[in-house]
J.: 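Here it is, the structure in full.
Along the sequence shown, the residues carry numbers beginning at 1. What you see is a predicted model; the values in this text were computed from it and never measured.
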Amino acid sequence: MLKSLFLRFYSDVQANNNFHGSGLPGIKRRGQGHGSRSWIKIDEHGNSKILELDKATLMRHCSLPARDLRLLDPKFIYPSTILGREQAIVVNLEQIRCVITADEVILMNSLDACVLQYESELCKRLQINKDQPDGLPFEFRALELALELTCLSLDAQVKELELEVYPVLDELASSINTLNLERVRRLKGQLLALTQRVQKVCDEIEHLMDDDGDMAEMYLTEKKQRKEDYFNNDSYDQVDIYGKIRGAARSAPVSPASSTTGVHKLQRAFSNLSSSKHGSISASSNGQENIDQLEMLLEAYFVVVDSALNKLSSLKEYIDDTEDLINIKLANVQNQLIQFELLLTAATFVATIFAMVTAVFGMNLKTTVFDDPDGFDWTIIITGIFCLVLYIAFMIYFKHKKLLPL
C-alpha cells in the first residue's frame with residue numbers, strides 16, 4: 001500500500017516537472033512569472049465550466065501573442081478594444097474580458113454583475129438557438145452579447161448621471177453656494193470619465209466598420225470551415241495522384257521513354273493540384289469580402305453608443321451653459337459692487353470737502369466771520385450746498401459715461 005502511494009506521488013512529481021521544467025519546487029523559472037487565473041469556458045452548446053489557465057497555455061490554445069492577452073489582464077487599465085486575429089477575437093469591453101474562438105468563449109471569471117449576466121445569458125441563448133438557429137455564427141453571437149451588455153451598461157450609467165446632474169444644476173443656477181459648486185465639480189468629473197469610456201467604445205466600433213480587413217479576420221467559423229475543406233481536398237488530391245502513379249508504375253514496364261512520360265504526367269498532376277489550391281484560396285478571399293453581416297451587427301450597436309455619446313454631449317453643453325450663467329450672475333454682482341463702490345467714493349470725497357471746511361473754521365482763527373453771530377451757520381450752509389451740487393455733478397458725469405445704470 002505504501003509502495004503504491006509512493007509510486008503515485010513520484011509519478012505526479014515527474015509529470016509536474018515535465019510540464020513546468022526541471023528544478024526545485026517553489027522557484028519561478030522563465031515563463032512561469034504569470035500565475036494561473038480563473039476562466040469560464042463556454043462551448044457552442046451553451047455548457048460552461050470554470051478552468052484554471054495560465055497565460056502561456058491560453059496563448060498556445062488560442063494562437064495569440066502576449067500583447068493581446070495583456071489587454072485582458074485586470075492589473076492593467078486598458079481602454080475598450082476589439083481585436084480580430086487568425087483564430088480568435090480578443091474582446092475587452094468594460095468589465096467583459098474574453099477570448100472568442102470559432103467554437104468556444106474563454107471568459108475571465110469575475111464576481112462583477114456584468115460578467116455573471118454575460119455567462120448566464122450566453123449559455124441561455126446558445127441552448128435556445130441550438131434547436132432554432134438564427135443564422136449568425138458562434139463568434140458573432142458571443143460578440144453581439146458583449147456589445148449588447150456593454151451598451152446597456154453605458155446607457156444605464158448615462159441615464160443615472162442625467163437624473164443626478166440636472167436637479168443639481170438647476171439648484172446651482174438658483175442658489176450659488178459652495179456646497180452646490182462642489183457637487184457640480186464632482187459630477188463633472190464623473191461626466192468626463194464616462195464620456196471617455198463611451199467615446200472609446202464608439203471609436204473602436206467605428207474603426208472596425210471602416211476596416212474591411214479587420215472585419216474579415218473576425219469570420220472565424222468560415223475560416224475554420226474553409227481550412228477544413230482545403231485540407232480535405234488536399235489530402236484527397238494527394239491520395240489520388242499517388243494512387244495513379246503507383247498504378248502506372250505497376251502496370252507499365254520501365255523504359256526511358258515511359259519514364260519521361262511519367263514525369264510529364266506527374267508535373268501535369270501537380271500543376272492541376274496547384275491550380276485547384278489557387279482556386280480555393282481565391283474563393284476564400286472572395287468570401288472574406290462578404291462582411292455585410294458583421295457590418296450590420298456593428299452598425300446597430302454603433303447607433304446605440306453614439307446616442308449615449310450625444311446624451312453626454314448635451315449634458316456637457318448644459319453644464320457649460322450653467323457655468324456661463326453663473327459667471328454672468330457673478331459678473332453682474334461684481335459690477336453692482338463696483339458701482340456701489342464708485343458712489344461711495346464720490347460721497348466720501350464730497351464729505352471730506354465738507355469736513356475740511358468745517359474743520360478749518362472750527363480752529364481758533366482770527367477772522368471777521370465770527371464777528372457776525374450767523375456767519376458760521378452761513379458758512380456751513382454754503383459749503384453743504386456746494387458739496388451737494390458737486391455730488392450731483394459726479395452722478396451726471398457717471399451716467400454720461402455709462403458707469404451707472406440709467
J.: Is the backbone N or O of Val303 less than 3.5 Å from a side-chain atom of Ser307, with the two atoms forming a donor-acceptor pair by type?
T.: no
J.: What I want to check is whether the side chains of His61 and Glu104 have a donor and an acceptor closer together than 3.5 Å.
T.: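 Side-chain D/A pair, His61 to Glu104: present.
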J.: Is a side-chain N or O of Ser153 found less than 3.5 angstrom from the main chain of Leu149, in a donor-acceptor match?
T.: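 No.
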J.: Roughly how far apart are Leu187 CG and Arg183 CZ, rounded to 0.5 Å?
T.: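 With rounding to 0.5 Å, CG (Leu187) is 7.5 Å from CZ (Arg183).
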J.: Quick one: pull up CG in Leu53 and CD1 in Ile106 and give me the separation to the nearest 0.5 Å.
T.: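 Nearest 0.5 Å value for the CG-CD1 distance: 6.5 Å.
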J.: Of all the heavy-atom pairs spanning Val91 and Leu72, show the shortest one and how long it is.
T.: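 The pair with the smallest heavy-atom distance is O-CD2, 3.4 Å.
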J.: Does any non-hydrogen side-chain atom of Gln339 lie less than 4.5 Å from one of Phe398?
T.: no
J.: Does atom CD (Glu160) have a neighbourhood of more than 12 heavy atoms from anything else shown, all under 6.0 Å?
T.: no
J.: Hey, are the side chains of Leu147 and Leu298 touching, using non-hydrogen atoms and a 4.5 Å cut-off?
T.: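 In short, these two side chains touch, coming nearer than 4.5 Å.
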J.: Has the side chain of Asn327 got a donor or acceptor atom that lies under 3.5 Å from a matching backbone atom of Glu323?
T.: yes
J.: Please check if any side-chain donor atom of Glu171 sits under 3.5 Å from a side-chain acceptor atom of Ser175, or the reverse.
T.: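 Distance-only check fails for Glu171 and Ser175.
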J.: Under the 3.5 angstrom rule, does the side chain of Lys41 hit a backbone N or O of Leu51 as a donor-acceptor pair?
T.: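 Answer holds: no.
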J.: If you look at every heavy atom in Ser110 and Leu116, which pair is closest and at what distance?
T.: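 Looking at all heavy atoms of both residues, the shortest contact is O-CD2, 3.7 Å.
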J.: In plain terms, say whether Arg97 and Asp73 are close enough for a salt bridge, that is, a side-chain N and a carboxylate O under 4.0 Å apart.
T.: no
J.: Are the side chain of Gln127 and the backbone N or O of Gly46 linked by a donor-acceptor pair below 3.5 Å?
T.: yes
J.: Can Arg85 and Glu217 be counted as an ion pair, charged N to O under 4.0 angstrom?
T.: no
J.: Tell me whether Tyr78 at atom OH has more than 12 heavy atoms from other residues, nucleotides or ligands lying less than 6.0 Å away.
T.: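 It does: Tyr78 OH has more than 12 such atoms within range.
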J.: Going by atom types only, do Asp112 and Tyr118 share a side-chain donor-acceptor pair under 3.5 Å?
T.: no
J.: Counting only heavy atoms not in Lys159, do more than 12 fall under 6.0 Å of its NZ?
T.: no
J.: For the pair Asn177 and Asn180, evaluate side chain to side chain donor-acceptor pair (under 3.5 Å) and give the outcome as yes or no after the intermediate values.
T.: CA-CA 6 Å; Asn177 52 50; Asn180 290 334; 3.2 Å; yes
J.: Take Phe140 and Tyr219 through the test ring-ring contact (aromatic ring centres under 6.0 Å, His included) and record every step on the way to the result.
T.: CA-CA 8 Å; Phe140 290 169; Tyr219 280 79; 4.8 Å; yes
J.: In sequence, state the C-alpha distance, the side-chain angles, and the governing distance for Glu182 and Arg186, and then conclude on salt bridge (Lys or Arg N to Asp or Glu O under 4.0 Å).
T.: CA-CA 6 Å; Glu182 179 62 26; Arg186 177 179 56 83; over 6 Å; no
J.: Establish, from distance only, whether the side-chain atoms of Thr101 and Glu139 form a donor-acceptor pair under 3.5 Å.
T.: no
J.: Quick one: does Glu94's side chain get under 4.5 Å of Leu154's, heavy atoms only?
T.: yes
J.: Kindly compute the distance separating CG (Leu312) from CG (Leu194), expressed to the nearest 0.5 Å.
T.: 5.0 Å
J.: Just verifying a value: how many Å separate Gln157 CD and Glu162 CD, rounded to the nearest 0.5 Å?
T.: 12.5 Å
J.: Can you list everything that forms a side-chain hydrogen bond (donor to acceptor under 3.5 Å, both in side chains) with Arg125? Sequence neighbours excluded, please.
T.: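 Listed in chain order: Glu121, Glu148.
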J.: Is there a side chain to side chain contact (heavy atoms under 4.5 Å, CB included) between Arg70 and Arg67? Walk through the geometry before answering.
T.: CA-CA 5 Å; Arg70 276 200 298 269; Arg67 61 178 177 271; 3.3 Å; yes
J.: I'd like to know whether Asp321 forms a side chain to side chain contact (heavy atoms under 4.5 Å, CB included) with Leu325, so could you lay out the CA-CA distance, the side-chain angles of the two residues, the decisive distance to 0.1 Å, and finally the verdict.
T.: CA-CA 6 Å; Asp321 294 341; Leu325 177 62; over 6 Å; no
J.: Is the closest basic N to carboxylate O distance between Glu119 and Lys124 below 4.0 Å?
T.: no
J.: Is it true that, when you exclude Phe349 itself, more than 12 heavy atoms of the residues, nucleotides or ligands shown sit nearer than 6.0 Å to its CZ?
T.: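 No, CZ of Phe349 has 12 or fewer neighbouring heavy atoms, counting only those of other groups under 6.0 Å.
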J.: Using distance alone, with no hydrogens and no angle criterion, decide if Asp203 and Gln199 have a side-chain donor and acceptor under 3.5 Å apart.
T.: yes
J.: Are a donor atom and an acceptor atom from the side chains of Thr57 and Asp54 found within less than 3.5 Å of each other?
T.: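 Their side chains do contain a donor-acceptor pair, which is all the 3.5 Å distance test asks for.
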J.: Which atom names give the shortest non-hydrogen contact between Asn92 and Leu71, and what distance separates them?
T.: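 Closest approach of Asn92 to Leu71: ND2-O, 3.2 Å.
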J.: Apply side chain to side chain donor-acceptor pair (under 3.5 Å) to Ser63 and Gln87, showing your working.
T.: CA-CA 7 Å; Ser63 300; Gln87 298 182 14; 3.3 Å; yes
J.: Of the non-hydrogen atoms in Ile40 and Ser48, which two are nearest, and what is the gap between them?
T.: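 Looking at all heavy atoms of both residues, the shortest contact is CG2-CB, 4.2 Å.
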J.: Could you please spell out the steps behind the side chain to side chain contact (heavy atoms under 4.5 Å, CB included) verdict for Leu315 and Tyr166?
T.: CA-CA 8 Å; Leu315 195 59; Tyr166 283 117; 3.6 Å; yes
J.: Evaluate the side-chain proximity of Arg197 to Ser80: yes if any heavy-atom separation is below 4.5 Å, no if none is.
T.: no
J.: Ignoring hydrogens, what is the shortest heavy-atom contact between Arg141 and Leu136? Give both atom names and the distance.
T.: NH1-O, 2.7 Å
J.: Can you check whether Asn109 reaches Trp39 side chain to side chain, under 4.5 Å on heavy atoms?
T.: no
J.: Out of curiosity, Glu222 CD to Ile291 CD1, how far, rounded to the nearest 0.5 Å?
T.: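 That separation rounds to 11.5 Å.
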J.: Measuring only between side-chain heavy atoms, which start at C-beta, is Leu122 closer than 4.5 Å to Val105?
T.: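 Yes, their side chains come closer than 4.5 Å.
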J.: By salt bridge (Lys or Arg N to Asp or Glu O under 4.0 Å), which residues pair with Asp306, not counting sequence neighbours?
T.: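 Scan of Asp306 (salt bridge (Lys or Arg N to Asp or Glu O under 4.0 Å), adjacent residues dropped) gives none.
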J.: Would a 4.5 Å heavy-atom cut-off, applied to side chains only, mark Thr81 and Val90 as touching?
T.: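 Thr81 does not reach Val90 side chain to side chain.
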J.: Determine, for Asp43 against Lys49, whether the closest basic-nitrogen to carboxylate-oxygen distance falls under 4.0 angstrom.
T.: no
J.: Step by step, would you call Glu341 with Thr345 a side chain to side chain contact (heavy atoms under 4.5 Å, CB included)?
T.: CA-CA 6 Å; Glu341 183 181 3; Thr345 302; 4.2 Å; yes
J.: Rounded to the nearest 0.5 Å, what separation is found between the CD1 atom of Ile42 and the CZ atom of Phe138?
T.: 7.5 Å
J.: Taking the side chain as every heavy atom from C-beta outward, state whether Asp103 and Leu220 have any pair of such atoms under 4.5 Å apart.
T.: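 A side-chain contact is absent here, since even the closest heavy-atom pair is not under 4.5 Å.
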J.: On a heavy-atom basis, which atom in Leu69 and which in Met59 lie closest, and how many Å separate them?
T.: CD1-CG, 3.1 Å
